[in-house]
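Scroll down for the structure; my scribbles are underneath it.
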Amino acid sequence: MEIEFGNARLKKLCEDRRIATRKLGADSARRLGTRLAEIQSASNVGELFAGKPHPLSGDRQGEFAVNLAGGDRLVFVPNDDPPKVTEAGHVNWQEVSSVKVIFAGDYHE
C-alpha cells in the first residue's frame, strides 16, 4: 500500500526512530516502524491484522487506527481520490489501497 504523510513534521516522526522515541517512547517508536512496514506490505487496509486495526467513529469518522503501545495510535485516512464508500456512505476500508498518515500518539489526551 502507498503511504503519504499529512505534513513534513509527521513524516520525520515516522521515519526517524530517535524523534519517535523522544515523542512516543521506545515501545511505541518500535511499533510505529513495524506498523508502517505492515501497512506498506499490505495491498489494502483490509489485510491489516496486527495492532487491532479499527475504523474510528464520532469526530474521527472516516479515520482508521492501529495500536502502538499504551494509548498511542497510528491514525490514517484514505488517500484514494475519491475514497471508495459503502452503500451506507462509510469508507470501504477493504478497497483502500493508499493512505495518508495524519496522527501518531495518544488522541485521548
Side-chain angles (χ1 to χ4, degrees):
M1 216 177 337
E2 292 180 33
I3 302 174
E4 290 190 17
F5 299 92
N7 58 52
R9 189 170 165 199
L10 185 57
K11 182 176 182 174
K12 273 186 135 174
L13 172 76
C14 290
E15 293 180 345
D16 188 326
R17 184 101 172 241
R18 291 176 315 200
I19 294 171
T21 300
R22 255 185 311 216
K23 181 170 188 224
L24 304 171
D27 289 341
S28 283
R30 188 181 87 264
R31 289 190 179 140
L32 175 62
T34 302
R35 298 292 178 258
L36 289 167
E38 292 164 352
I39 292 168
Q40 210 165 25
S41 310
S43 353
N44 62 62
V45 175
E47 291 182 1
L48 298 176
F49 59 90
K52 298 183 182 171
H54 56 283
L56 301 176
S57 58
D59 62 342
R60 290 194 170 269
Q61 181 75 34
E63 299 176 3
F64 200 91
V66 290
N67 294 352
L68 299 176
D72 291 338
R73 308 285 186 270
L74 178 64
V75 180
F76 51 87
V77 295
N79 203 34
D80 300 330
D81 187 26
K84 295 168 181 73
V85 294
T86 63
E87 288 182 20
H90 300 289
V91 174
N92 184 350
W93 292 104
Q94 302 294 327
E95 299 291 323
V96 173
S97 59
S98 177
V99 298
K100 180 185 291 184
V101 173
I102 59 167
F103 182 79
D106 187 347
Y107 57 74
H108 299 106
E109 293 180 340

Side-chain atoms of residues 52-60: list all donor-acceptor pairs with protein atoms under 3.5 Å, sequence neighbours left out, distances to 0.1 Å.
unit_1 : atom_1 : unit_2 : atom_2 : d
H54    : ND1    : K52    : O      : 2.5
H54    : ND1    : A65    : O      : 3.4
R60    : NH1    : E63    : OE1    : 2.7

- Query: Are any non-hydrogen side-chain atoms of I39 and L74 less than 4.5 angstrom apart?
  - Reply: yes
- Message: Under the rule for salt bridge (Lys or Arg N to Asp or Glu O under 4.0 Å), what residues qualify as partners of R30, not counting sequence neighbours?
- Response: D27
- Message: Between R73 and G71 (side chain of the first, backbone of the second, donor and acceptor by atom type, cut-off under 3.5 Å), is there such a pair?
- Response: yes
- Could you pull out the closest heavy-atom pair between A104 and L24, with the gap in Å? O-CD2, 3.8 Å
- Message: Please say yes or no: joined through hydrophobic side-chain contacts below 4.5 Å, possibly via intermediate residues, are L36 and V75 part of one cluster?
- Response: no
- Query: Sequence neighbours excluded, which residues qualify as side chain to side chain donor-acceptor pair (under 3.5 Å) partners of R9?
  - Reply: none
Please list, one pair per line, the donor and acceptor atoms closer than 3.5 Å that link side chains of residues 88-103 to other protein atoms, with sequence neighbours excluded.
unit_1 : atom_1 : unit_2 : atom_2 : d
H90    : ND1    : Q61    : NE2    : 3.0
N92    : OD1    : Q94    : N      : 3.3

- Identify, with sequence neighbours excluded, every residue that meets side chain to side chain donor-acceptor pair (under 3.5 Å) alongside N44. none
- Residues which pass side-chain contact (heavy atoms from CB on, under 4.5 Å) with K12, listed by chain and number, not counting sequence neighbours: I19
- Task: Sequence neighbours left out, what passes side-chain contact (heavy atoms from CB on, under 4.5 Å) with Q40? Give chain and number order.
- Result: I3
- Query: L32 and F64: same hydrophobic cluster, using ILVMFWY side-chain contacts below 4.5 Å?
  - Reply: yes
- Note on the structure: Correct closest heavy-atom pair for P78 and G62 would be CD-O, 3.6 Å
- Query: Could you give the distance from CG (N79) to CE (M1), rounded to the nearest 0.5 Å?
  - Reply: 11.5 Å
- Task: State which residues pass salt bridge (Lys or Arg N to Asp or Glu O under 4.0 Å) with R35; sequence neighbours excluded, sorted by chain then number.
- Result: E38
- Message: Checking E47 now: which residues fulfil side chain to side chain donor-acceptor pair (under 3.5 Å) with it, not counting sequence neighbours?
- Response: S43
